[in-house]
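Below is one structure; the comments refer to it alone.
As the structure is a prediction and not an experimental result, all values here were calculated from the model.
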Amino acid sequence: MSASAGTGVFVLSLMSIPFCYLFNSLIYNNSAEAFSFAGCSAVLIISISARFMLKKKAPVDPLFYVFAVYAFLSVVNLIIGLEQDNIIDGFVTFYLREADPHINTAHGHMISYWDGCVHYLMYLVMIAAITWGDSYRAIGLYWVGSFLTRAIVYILGNAVGKYGTQVSPLFLLHILYVSVSVWVCFRIFSKRPTPDLQLSSVQEAERKSLLHRPLDLLFIIYLIPAFAFCIFRGLIVLDCSSDWCLAYTRQYEPYLKDPSAYAKIQMLVSMLYSGPYYIITLYGLMVPGCEWMTDLTLVHTGALAQAQFAHIGASLHTRTPFSYRVPAGGQSVFLLVNILYAVVPQALCYRCRSRPAFFLTPRPVKKTE
């Protein structure tokens with residue numbers, strides 16, 4: 001398949017920049033000239049992109065077209081984040097004024113940046129893999145985790161937070177986006193991996209005890225306090241009256257009590273899903289042959305990366321009320337703990353992906369006569 005299809009998607013995604021500006025101007029000016037120019041530009045750009053994508057052979061994977069649309073929307077989200085920070089102006093001014101108030105919260109601000117940067121890069125990588133005929137299951141599972149935690153926290157936070165009564169029809173479009181994305185998640189999970197390892201290397205890895213795997217031992221030591229930390233923050237948002245909980249909230253993470261409720265939902269999701277994950281991963285690192293470890297770490301690592309990015313950013317952002325921001329005296333501890341909590345699982349994921357022999361079940365090679 002020609003790489004022109006992937007190039008067309010990249011060009012199409014960048015066209016969201018003039019699109020946003022033109023349609024924002026159209027709404028404000030209400031002029032026939034602006035409408036005509038925007039419409040002609042849309043037809044022209046879509047025609048050029050279609051020519052690029054269908055020049056030789058159209059991709060048969062339906063996810064190619066879904067990721068193409070998502071890449072376009074990711075650039076729009078990046079524009080939203082930049083205009084919220086007053087770095088640019090006149091691109092989505094009308095949308096920010098009329099849209100749901102959730103997008104103007106600190107959490108909404110951070111997920112705009114995450115979708116506009118990290119998700120956008122993932123979409124381009126997966127589109128390139130489809131174009132070249134390569135597997136994109138690994139990066140797809142990472143995206144699944146990131147998307148799921150983003151969707152769960154954002155939707156539930158909108159429902160139970162202080163803006164729960166201010167839901168506009170635009171929220172239905174978000175539900176449509178989530179529905180399509182869930183279908184994409186199932187499509188990615190259905191693509192089974194094909195490990196290419198010799199039987200001897202798998203058996204050799206499984207014979208090593210934990211003492212001969214010092215890196216795995218370090219990960220096991222990390223998982224125990226990580227489990228305690230996620231349970232601890234879950235208890236805080238459940239209004240635990242312990243002196244430790246109250247002191248930690250006051251000195252390091254008052255954002256956990258923010259009335260927007262995104263932090264509360266995030267910590268409950270972490271306690272209910274990350275907590276069991278840490279226990280299961282402890283078992284997977286000690287007992288050989290747990291083939292689900294590589295997939296599980298990819299999904300969880302993507303989820304934790306998105307969650308920690310949004311949580312750290314929102315805790316420090318000026319859109320968060322001052323009383324709920326991290327105090328200046330506790331910022332160093334807050335950043336150290338939360339960055340380690342986000343980075344170490346990335347290293348664990350890389351270990352599981354780069355050296356998966358310990359997690360595979362030995363399968364004898366069939367002899368052909």
Side-chain angles (χ1 to χ4, degrees), residues 9 12-13 15-17 19-20 23-24 26-27 38-39 42 45-46 49-50 53 59 61-81 84 91-92 94-105 107-120 122-124 126-127 130 136 140-161 163-190 260-262 265-266 269 299 302-303 306-307 310:
V9 170
L12 179 63
S13 68
M15 290 302 101
S16 61
I17 300 174
F19 274 11
C20 289
F23 282 105
N24 188 72
L26 169 66
I27 292 172
I45 292 168
I46 292 174
S49 301
M53 289 187 288
D61 192 336
L63 296 190
F64 176 90
Y65 305 98
V66 176
F67 294 146
V69 175
Y70 283 5
F72 184 94
L73 297 177
S74 291
V75 178
V76 174
N77 279 329
L78 180 59
I79 294 171
I80 291 173
Q84 285 174 320
F91 287 83
V92 287
F94 180 82
Y95 174 76
L96 293 178
R97 191 183 67 183
E98 300 295 333
D100 294 332
H102 318 93
I103 196 66
N104 289 312
T105 62
H107 182 84
H109 191 90
M110 298 312 298
I111 64 174
S112 292
Y113 274 124
W114 179 266
D115 194 49
C117 297
V118 181
H119 279 178
Y120 180 59
M122 291 184 195
Y123 297 140
L124 293 182
M126 289 188 284
I127 287 169
I130 295 173
Y136 57 91
L141 290 177
Y142 196 93
W143 172 84
V144 166
S146 176
F147 158 75
L148 288 177
T149 190
R150 173 193 179 279
I152 292 172
V153 173
Y154 188 67
I155 292 175
L156 295 182
N158 292 349
V160 305
Y163 300 112
T165 59
Q166 304 179 40
V167 178
S168 72
L170 288 175
F171 189 70
L172 297 177
L173 293 178
H174 191 76
I175 297 298
L176 176 62
Y177 161 75
V178 170
S179 302
V180 175
S181 299
V182 169
W183 170 76
V184 173
C185 292
F186 282 107
R187 289 278 303 190
I188 292 174
F189 270 114
S190 66
S260 65
Y262 295 114
I265 299 297
Q266 182 60 68
V269 170
V299 174
Q306 192 281 332

Parallel, tilted or perpendicular, as decided by the 30° and 60° cut-offs, for the rings of Tyr113 and His109: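 His109 and Tyr113: perpendicular rings.
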Plane angle bin for Tyr262 and His107 - parallel if under 30°, tilted between 30 and 60°, otherwise perpendicular: parallel
Nearest heavy atoms of [X] and [Y], plus distance in Å:
{"X": "Trp143", "Y": "Val184", "result": "CZ3-CG1, 3.7 Å"}
{"X": "Ile130", "Y": "Leu63", "result": "CD1-C, 4.3 Å"}
{"X": "Met126", "Y": "Gly140", "result": "SD-CA, 3.7 Å"}
{"X": "Val9", "Y": "Phe64", "result": "CG2-CZ, 3.5 Å"}
{"X": "Arg150", "Y": "His119", "result": "CD-CE1, 4.2 Å"}

Heavy-atom check, side chain of [X] versus side chain of [Y], under 4.5 Å:
{"X": "Thr149", "Y": "Gln266", "value": "yes"}
{"X": "Trp114", "Y": "Ser146", "value": "yes"}
{"X": "Asp61", "Y": "Arg187", "value": "yes"}
{"X": "Gln84", "Y": "Asn104", "value": "yes"}

Output side-chain donor-acceptor pairs under 3.5 Å for residues 66-80, partner residues at least two apart or in another chain, one line each.
from: Tyr70; atom 1: OH; to: Tyr177; atom 2: O; distance (Å): 3.4
from: Tyr70; atom 1: OH; to: Ser181; atom 2: N; distance (Å): 3.4
from: Tyr70; atom 1: OH; to: Ser181; atom 2: OG; distance (Å): 2.7
from: Ser74; atom 1: OG; to: Tyr70; atom 2: O; distance (Å): 2.9
from: Ser74; atom 1: OG; to: Asp115; atom 2: O; distance (Å): 3.2
from: Asn77; atom 1: ND2; to: Asp115; atom 2: OD2; distance (Å): 2.3

Pair Ile127-Tyr136, side chain to side chain contact (heavy atoms under 4.5 Å, CB included): steps then yes or no: CA-CA 9 Å; Ile127 287 169; Tyr136 57 91; over 6 Å; no
Approximate separation, where rounding is to 0.5 Å, of Ile152 CD1 and Phe147 CZ: 8.5 Å
By side chain to side chain contact (heavy atoms under 4.5 Å, CB included) - contacts of Val299 (at least two apart):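 Partners of Val299 under the side chain to side chain contact (heavy atoms under 4.5 Å, CB included) test: Leu141, Phe189.
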